[in-house]
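See structure below.
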Amino acid sequence: MTGTYGSLQDITERKHAHEFENEMLQLSPQLTGITLPEISSALNLSLARIGKFLNADRAYIFEFNTAVTEMNNTYEWCNDDIMPEILNLQNIPTKDYPKWMELLLRKESIIIPSVSDLPESWKAEKAIFENQQIQSLIVIPMFSENQLIGFVGLDDLKRKRNYTESEVNSLKIWSSMLVSLINNYHTEKLIEESRQNFEIFFNTIDDFLWVLDENANIIHINNTVIERLGYTTQELEKHTVLSVHPDNRRDEAARIVNEMLIGKAEFCPVPIITKSGNLIPVETRVKHGYWNSKPAVFGVSKDISKIQLSERKFATAFQSNSALMAISDYFSGEYVDVNNTFVNILGYSKEEIIGNTSRDLHLFSDTNLRSEIIRQLDSGILVRDLEVEIISKKGDILNILLTADIIFIADKKCLLTVSLDISDRKIAEEEMRKARLEAENANIAKSEFLSRMSHELRTPMNSILGFAQILEMGDLTPGQKKSVNHILKSGKHLLGLINEVLDISRIEAGRLSISIEPIKVSGILDEMVDFIRPLSIQNSIKIISDYSSNLQLYVRSDRQSLKQVLLNLLNNAVKYNKPNGLVRIRVQSIQGESKDNEMIKISISDTGIGISENDIPKLFMPFERIGANKTEIEGTGLGLTVVKKLIDNMGGIIGVESTPDQGSTFWIQLPAAESQLSILQNSDIQTDESLESLPKKGTILYIEDNSSNVELVEQILTYQRPGIHLISNMNGRQAIVLAIEYRPDLILLDLNLPDIHGSEVIKMLKNNPETKNIPVVVLSADAMQKQIGNMLSAGANNYLTKPLEIPAFLKLIDEYI
Ligand code: ADP
């Protein structure tokens with residue numbers, strides 16, 4: 001029975017297998033050679049036919065993502081009254097199907113005749129199947145190039161079923177048919193996407209794009225053609241491309257298009273024409289290729305109307321420019337074009353220039369100029385307003401300001417130079433410079449002359465005054481006495497004039513040597529007040545020194561100049577005062593923004609005749625006496641001129657405030673200085689162990705007129721060398737007497753002394769056998785190398801500059817004592 005039953009079953013099976021094969025054969029042509037939109041329906045159809053044929057409840061395709069971490073139900077067929085599951089089966093994690101995936105990855109089919117009989121190892125999958133009420137199922141993996149891409153399967157919900165071996169084999173064939181269909185679908189989709197991208201790109205380009213067939217008929221165009229030419233696609237497609245070229249140039253276009261079609265030409269300069277008849281200048285380039293598998297020509301037409309416009313603008317600017325403009329080949333240097341100015345100014349014709357280099361024409365005095373410009377441009381340095389000499393055809397040398405830039409003319413790298421002819425400006429500048437120099441020289445010569453003349457006049461004046469004084473002492477008649485008095489008075493006046501002219505001209509000729517040093521204001525004022533006191537007593541004027549609270553203020557100035565300034569101002573304050581008047585001297589410190597800007601103001605006020613507002617500007621002009629020449633008051637009108645020049649020379653300022661009939665205040669301001677002594681006291685010198693106090697014994701003579709400097713040296717010695725005895729004197733000649741008398745071990749010498757210059761002192765010391773061996777060290781604020789050299793060659797043993805560096809000063813003393 002079993003056998004009969006078996007063979008009967010075999011026959012049924014064979015018949016069924018045969019029918020299944022037939023079914024597949026019928027299906028197969030429907031699954032090949034189909035287009036993209038047809039693929040989805042072919043897949044659905046094939047699921048339905050196989051599902052129905054095998055009497056399954058559900059047939060489906062699942063696809064994996066590339067990493068095989070998720071699966072998606074992409075196609076599904078369901079038998080009548082079976083609920084579709086496709087929407088529930090999206091983005092399913094493969095890790096929820098461990099056993100399932102294990103088999104599929106091993107390329108094994110999964111055949112489950114009875115879900116309820118699944119062993120424990122299928123626990124996870126079993127729960128899911130039962131949830132979907134699946135009783136039995138079959139699943140065949142889909143592989144493409146050894147990569148698991150998905151599976152196809154059939155479910156039974158109403159019964160348990162076992163698939164025969166031949167059914168399984170047929171299903172495997174079916175699965176591989178589906179794989180190629182799915183692969184096709186994906187490639188077609190990619191192609192379609194890139195075709196769409198290409199179309200978008202094609203249509204967003206501003207250039208006109210054409211696809212032509214082998215007969216120059218238009219097959220495809222982009223939106224730019226439609227929009228700018230005003231035709232519809234139908235009006236252009238299948239028409240010859242010659243129809244978009246103007247009638248009068250159609251022959252030329254036809255010739256070029258023909259050459260393009262056979263690959264002999266790639267470029268066409270003929271413009272195209274809009275439907276309404278407007279010309280658009282274009283440059284067209286073509287390439288050969290395939291369109292829809294047929295040979296085609298691809299054309300790109302570039303609208304060059306903007307370029308043409310800017311070219312026209314450039315050409316106009318180039319030709320009519322008043323600067324010399326030239327374009328040359330960047331590498332060979334050969335001129336490509338030059339403008340009219342270039343031709344007119346240099347005298348060459350255009351033909352003589354073009355094709356030659358600047359070197360050929362010997363244009364630049366500096367033959368390496370061009371290569372230097374290229375070098376700079378290559379390293380990214382701008383070439384702007386280079387002052388250059390250029391030589392014309394006639395050989396004239398012109399001065400130009402040259403600017404260079406890189407430009408491209410139709411792909412060719414060129415050098416554009418723009419040059420301004422500045423020869424006239426150069427000549428004018430040179431003339432101005434000469435004129436200024438001449439004027440300066442003339443001024444110096446004038447001052448030199450005045451200075452010499454005043455100097456020469458002084459000697460005879462001295463003897464005139466001297467002899468007049470001797471005459472005055474003799475026995476004279478009253479008439480003679482009066483005459484001699486006249487001589488003396490006029491002579492003194494003349495000497496005053498000569499001295500002041502000498503001062504002014506010395507300052508103007510720059511021959512007044514000054515040495516700026518800290519000067520104690522109260523000290524120098526006291527000195528000057530003492531000087532002026534006889535005159536003030538004579539005129540019954542009281543001088544009030546109102547600076548007792550500011551005794552420690554110092555200014556930076558030249559001692560001699562400051563004395564002369566103060567003396568002049570005090571002298572005027574007494575001279576132009578009223579009988580029993582007052583002169584008040586005040587000193588104050590004016591704080592600047594920083595400590596370095598602090599100034600010291602010295603004011604000298606009088607209770608005299610005052611000066612009207614109109615006259616104030618005249619005060620500092622030479623020979624301006626503002627009515628004082630009509631009075632008895634003696635003067636030259638030069639004093640304040642000298643004062644102003646001296647103050648300017650020291651970097652100070654001078655001013656005046658006055659009320660007529662009530663009095664005037666003349667003030668000066670000079671930069672404040674810190675006293676050397678206070679620097680010493682504030683420094684750590686007294687505790688500085690590197691400067692040990694030595695038990696030296698000896699005598700030093702210090703020739704110096706600045707009492708604060710003397711005080712400073714005294715302090716240093718008291719602290720550091722208590723055994724040394726210091727003698728000081730402010731007067732050069734007197735100091736020499738002291739040197740002979742005391743034979744000091746060392747002489748310290750300042751250069752600007754009231755009576756004679758320090759160099760004279762050195763000379764006198766060195767010429768005297770009694771003093772010539774005493775070492776002399778100059779202490780001066782003058783740090784000019786020339787001065788130092790002069791003093792050392794005059795015989796000084798050493799030269800120290802002020803402000804003193806105390807350690808160096810002590811070292812030097814130790815050397816000599
Ligand atoms: P001098 O005193 O030799 O005339 P200055 O150059 O010193 O020359 O002064 C110029 C003029 O300024 C004086 O002639 C005088 O008229 C006026 N002056 C100068 N100082 C005073 C002063 N303190 N009060 C009034 N007038 C003055």
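Predicted model only: the values in this text are computed from it and were never measured. Just follow the structure's listing: the first ligand is 1, and inside any ligand the first atom is 1.
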>> Please list the nearest protein heavy atom to atom 5 (P) of ligand 1 with its residue and the distance rounded to 0.1 Å.
In response: Leu640 N, 3.5 Å

> Nearest to atom 23 (N) of ligand 1, what protein heavy atom do you find, and at what distance?
Replying inline: Asp606 OD2, 2.8 Å

> N/O of Arg625 under 3.5 Å from N/O of ligand 1, yes or no?
Replying inline: yes

>> What I want to find out is whether Lys426 reaches Glu387 closely enough, with some N-O distance under 4.0 Å, to be called a salt bridge.
In response: yes

> For ligand 1, does Ile611 get within less than 4.0 Å through its side chain, its backbone, both, or neither, judged by non-hydrogen atoms?
Replying inline: side chain

>> Taking Asp814 first and then Arg721, would you say they form a salt bridge - that is, a charged N and a carboxylate O separated by under 4.0 Å?
In response: yes

>> I'd like to know whether ligand 1 has Asn568 as a neighbour, heavy-atom separation below 4.0 Å.
In response: no

> Considering only heavy atoms of Ala628, which atoms of ligand 1 have at least one such atom less than 4.0 Å away?
Replying inline: 14 (O), 16 (O)

> Where on Glu624 is there a heavy atom closer than 4.0 Å to ligand 1, on the side chain, on the backbone, on both, or on neither?
Replying inline: backbone

> Is the closest heavy-atom distance from Gly637 to ligand 1 below 4.0 Å?
Replying inline: yes

> For the residue pair Ile516 and Asp558, what are the closest heavy atoms and their distance?
Replying inline: CD1-N, 3.8 Å

> Are any of the heavy atoms in Glu500 under 4.0 Å away from ligand 1?
Replying inline: no

> What are the atoms of ligand 1, with element, lying closer than 4.0 Å to any heavy atom of Leu638?
Replying inline: 6 (O), 8 (O)

> Looking only at protein heavy atoms, which one is nearest to atom 13 (C) of ligand 1, and how far off is it?
Replying inline: Tyr576 OH, 3.4 Å

>> For the 3.5 Å polar cut-off, considering only N or O atoms, please tell me whether Asn572 and ligand 1 meet it.
In response: yes

Under 3.5 Å donor-acceptor pairs involving side-chain atoms of residues 663-670, not counting sequence neighbours:
from	atom 1	to	atom 2	distance (Å)
Ser664	OG	Ser658	OG	3.0
Thr665	OG1	Ser605	OG	2.9
Trp667	NE1	Glu657	OE2	2.9

> What pairs with Glu389 under side chain to side chain contact (heavy atoms under 4.5 Å, CB included), at least two apart in sequence or on another chain?
Replying inline: Ser365, Ile397, Asn399

> Among side-chain atoms of Gln538 and Ser536, is any donor-acceptor pair under 3.5 angstrom?
Replying inline: no

>> Out of Thr636, Leu619, Val574, who is nearest to atom 17 (C) of ligand 1 when you count heavy atoms only?
In response: Leu619

>> Between Lys434 and Glu431, does any side-chain N to carboxylate O distance fall below 4.0 Å?
In response: no

> Looking only at heavy atoms of Phe620, does any of them come nearer than 4.0 Å to an atom of ligand 1?
Replying inline: no

> Should Glu770 and Arg743 count as an ion pair when the cut-off is N to O under 4.0 Å?
Replying inline: yes

> With the threshold set at 4.0 Å, does a side-chain nitrogen-carboxylate oxygen contact exist between Glu527 and Lys563?
Replying inline: yes

